[in-house]
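Keep in mind that this is a model prediction, so the values were computed, not measured. For ligands, and for the atoms within them, numbers begin at 1 and follow the listed sequence. Position 1 is the first residue of the sequence, and the numbers go up from there.
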Amino acid sequence: MPTIIHLVLELLRSVHALWKDDTMVTLPEVLAEEIRKLKLQDTDLSEFKENDIAHWLQLIRERGYNLLGLCAAIEGPFCELLDSSSVSDAIIEDLGCMESRHVSKLIDLVIIPLMKYCPSKRLGEWILKLLPPLFIYCEDILCGAWFNLLNKGRAGYPYYFGYLRGSQRSAKKLEECLLLDLTRKVSKLLGVLASSKPIGALTCVDLQSVSTAKAASSRDSKRASSNSVIGYTLHNDCFGMLNMNLFGSWVDGEATRDAVPFCRALVQVAVATQNSKLRRFILHDMLPATIKRLCTDLPCAVQRTIKKLSCQLNSSKSQKASKDLWILCQEIYAVHIQNQFEDEFQRYLPTYIDILYEVDAMDCPEYGCSRSSTLLEKLRPEFRLKHGINSFRDRHMWTINDMIKRKLPAEYSKRRSRQMDKWLCKLISSKPYFKHSDERQSAMTWLMEDSPLDANLSELDVQDAVDIFYNTILFYLEPQFHPLIREGQKDFLIKVAHQFVFAEETNSCKPLEPESRDFPGHLQPYASSYIHTMKLQSKYFTAQEQFRRHQEFDRYLASGELDDDVYKFSSSQDKSVLQFVEKNNVKSRFGNLDDKLIKLSLEDRAQIVDTIRQVDIYSENLKNITADDKLKVCLQNLVHELKEEGFFNVDNDSIDWEKTCFVSLIDEFKELVFKGHGCPRYVAIQGIMEYWIISQRSDINGQVAFEKVIEGVCHTWKKNIAELWMDTRYYEESCYDLLRNPLKKILPK
Ligand SMILES: *[C@@H]1O[C@H](CO)[C@@H](O)[C@H](O)[C@H]1NC(C)=O
Ligand SMILES: *[C@@H]1O[C@H](CO)[C@@H](O)[C@H](O)[C@H]1NC(C)=O
Ligand SMILES: *[C@@H]1O[C@H](CO)[C@@H](O)[C@H](O)[C@H]1NC(C)=O
Ligand SMILES: *[C@@H]1O[C@H](CO)[C@@H](O)[C@H](O)[C@H]1NC(C)=O
């Protein structure tokens with residue numbers, strides 16, 4: 001065997017050398033003629049006559065290649081039979097002047113078996129001997145020819161694809177055929193390289209050029225990919241310049257399927273080694289080429305060429321290749337783009353949070369319709385310094401501007417509520433008291449004089465406050481005016497006004513929150529997912545859900561259906577919601593509504609139930625007056641006395657309402673009518689007013705008419721109390737707090 005191999009290698013070397021132009025000159029004419037003939041031939045051996053020299057040359061090549069390939073496949077040849085230098089001398093030395101059909105054969109019959117069967121500890125040596133010159137040849141032809149075919153419609157390179165005879169048409173076809181063949185063989189070789197076992201420790205190369213903290217964590221995978229055969233070939237510059245035309249730009253399915261594993265390995269090596277040149281190749285060449293191949297309706301050269309060559313391409317292989325390319329595409333995205341954006345997002349996040357907090361803390365009423373230059377001055381100097389914001393054209397300024405626009409309504413609404421609260425408090429408690437029968441304009445004028453309007457709020461807001469005072473507070477809660485009634489329930493009215501105003505605010509405005517649209521477009525998916533996670537973690541969504549459930553629950557309580565149970569709850573010792581919850585299936589009907597919220601609602605509702613019961617007693621006590629003639633006489637005297645003392649001159653400010661005769665007369669009335677029912681004093685006064693007003697009316701005579709009027713008054717009163725409740729729901733509980741001030745909970749600094 002060694003002798004034969006030696007001879008074959010010598011023969012092959014000599015035959016290859018015949019193709020060199022300078023050899024031709026020194027050859028005997030007869031031989032030179034044969035070579036010329038051979039160069040003009042197609043690949044078909046059958047066209048030669050048996051004892052043509054050309055025929056012999058062709059046979060020597062083919063059989064020599066086969067022999068070498070077979071030799072590689074048997075056991076142990078790399079130690080004893082094959083020697084990389086002599087093989088390389090024989091087959092690589094004159095590669096430059098070989099036609100492509102020879103090179104295709106050489107790759108298929110010799111190089112691939114050698115690469116496939118070479119033991120890994122010698123593979124490095126063989127790679128270095130054979131591959132660099134081979135790839136220089138292949139890259140040169142494939143890149144040029146594919147570029148021409150894709151862009152100019154014709155591969156060209158007539159020397160390598162044969163000096164062809166026949167029509168232009170068949171020549172073109174043959175050219176394409178040979179180009180496809182070479183592409184497939186090269187891709188097959190790349191596939192074989194990609195599937196080789198990593199090269200042993202001896203040839204291990206450390207490709208890690210940059211080492212970062214992140215790199216350390218995945219060192220093992222890095223080592224594996226930099227030890228791979230692909231890593232090795234790249235490190236040793238086996239490829240002159242990687243170019244997608246080396247794989248035929250994915251035009252052919254067979255070549256594509258073979259080359260995809262190689263490209264996937266490149267993707268991994270690029271990550272492992274952080275080789276920027278390779279990374280650029282993947283992102284700027286491989287990814288676009290893959291997308292062009294996968295988007296079949298894209299009007300691009302690749303798709304045009306695929307259609308043009310369709311009869312030479314295998315469609316079932318193309319379909320399988322598409323699947324492989326999808327996987328490649330996803331890997332490129334996951335490894336290079338996603339990670340890169342993810343990193344960028346993580347780097348930007350602290351800046352973003354800083355900006356958000358800066359805007360949140362910013363006091364910005366009067367420059368609401370922000371001129372950017374004023375806005376710039378409002379930023380704290382240390383903030384501007386930290387983020388290098390020097391001009392209102394800075395890219396952060398756009399974000400800041402947008403956040404301010406989002407924050408303004410809530411900010412305005414908050415200020416407005418605070419002011420409304422103050423105004424209402426004044427309207428309720430300022431003496432002489434404003435009452436239902438007054439002109440509203442006077443209340444407005446008084447408010448505006450009392451607290452001059454600043455730029456923040458408008459006259460309309462004053463109007464609103466006055467409207468709330470009259471149409472809500474007085475209308476619902478003060479059916480009768482008397483200074484002493486107002487005095488008695490002043491605190492209650494103020495509390496209701498407060499709740500009304502802030503309940504309105506809670507329902508109307510969205511406070512400043514982080515939003516993914518604050519981020520540059522390519523980071524928005526990351527921002528969106530991050531914000532979502534943070535909202536989940538801070539239980540923001542739970543709070544929203546609780547908010548909704550709580551509203552439903554209150555609406556249900558407001559229907560009055562459960563008032564008996566509410567009463568039981570309020571009169572129970574421990575005020576535990578457990579019994580109520582179980583009896584009324586609250587958990588299943590209101591989706592696990594929090595016990596604390598249930599309790600707050602029950603307490604609120606219990607107060608209303610209690611007030612309504614009081615009104616009922618009040619009503620019955622008043623009605624009972626008519627049944628008792630003796631009592632009627634007493635009361636008439638009593639009311640007469642009060643009138644004499646000016647008790648019903650409710651508009652007279654000079655009257656001292658606390659004077660002793662009033663106090664004793666009121667107590668007397670309370671004792672007579674309400675008989676120890678323990679109603680508040682102002683309710684007794686309301687009874688006096690009611691009684692007096694009714695007794696003034698000439699149309700009301702007799703028991704039935706009296707009772708009807710009282711019933712009507714009390715019915716409206718109860719209805720109003722119940723109705724107002726839903727508009728004054730304002731709770732101070734953690735989930736409400738989270739919704740009112742989400743920023744600090746979602747993105748803690
Ligand atoms: C296409 O390739 C498949 C294998 O993937 C093969 O079975 C089939 O015969 C080929 N078709 C043509 C027309 O070459
Ligand atoms: C209006 O804005 C000024 C300046 O920020 C502030 O001092 C004032 O308290 C605001 N007035 C109201 C009613 O909120
Ligand atoms: C009203 O009078 C009736 C009959 O005298 C009596 O039974 C009832 O307890 C009285 N109502 C109140 C609230 O005192
Ligand atoms: C108001 O009350 C004072 C003191 O009781 C009394 O002197 C005065 O005449 C009253 N004014 C009117 C207009 O009734």
* To do: Taking atom 7 (O) of ligand 1 as the reference point, report whether a protein heavy atom occurs under 4.0 Å from it.
  => no
* To do: Provide the number and element of each atom of ligand 1 under 4.0 Å from a heavy atom of Ser316.
  => 1 (C), 2 (O), 3 (C), 5 (O)
* **Shortest protein contact, atom 12 (C) of ligand 4 (heavy atom only)** => Asn652 ND2, 3.2 Å
* Aromatic centroids of Phe475 and Tyr470 separated by under 6.0 Å -> no
* **Residue and atom name of the nearest protein heavy atom (relative to atom 4 (C) of ligand 1), distance in Å to one decimal** => Lys317 CE, 3.8 Å
* **Centroid separation Tyr476 to Trp717 less than 6.0 Å** => no
* Can an N or O of Ser654 be found at a distance shorter than 3.5 Å from an N or O of ligand 4? -> no
* Asked: Does atom 14 (O) of ligand 4 have a protein non-hydrogen atom under 4.0 Å from it?
  -> yes
* Less than 4.5 Å apart, any side-chain heavy atom of Leu474 and any of Arg486? -> yes
* To do: Considering heavy atoms of the protein only, find what lies nearest to atom 5 (O) of ligand 4 and give residue, atom and distance to 0.1 Å.
  => Ile655 CG1, 4.0 Å
* Asked: To the nearest 0.1 Å, how far is atom 10 (C) of ligand 1 from its closest protein heavy atom, and which atom is that?
  -> Asn314 ND2, 2.3 Å
* Asked: Counting only heavy atoms not in Lys632, do more than 12 sit closer than 6.0 Å to its NZ atom?
  -> yes
* For residues Leu189 and Asp258, determine if any side-chain heavy atom of one lies less than 4.5 Å from a side-chain heavy atom of the other. => no
* To do: Assess the pair Tyr160 and Tyr137: is the distance between their ring centroids shorter than 6.0 Å?
  => yes
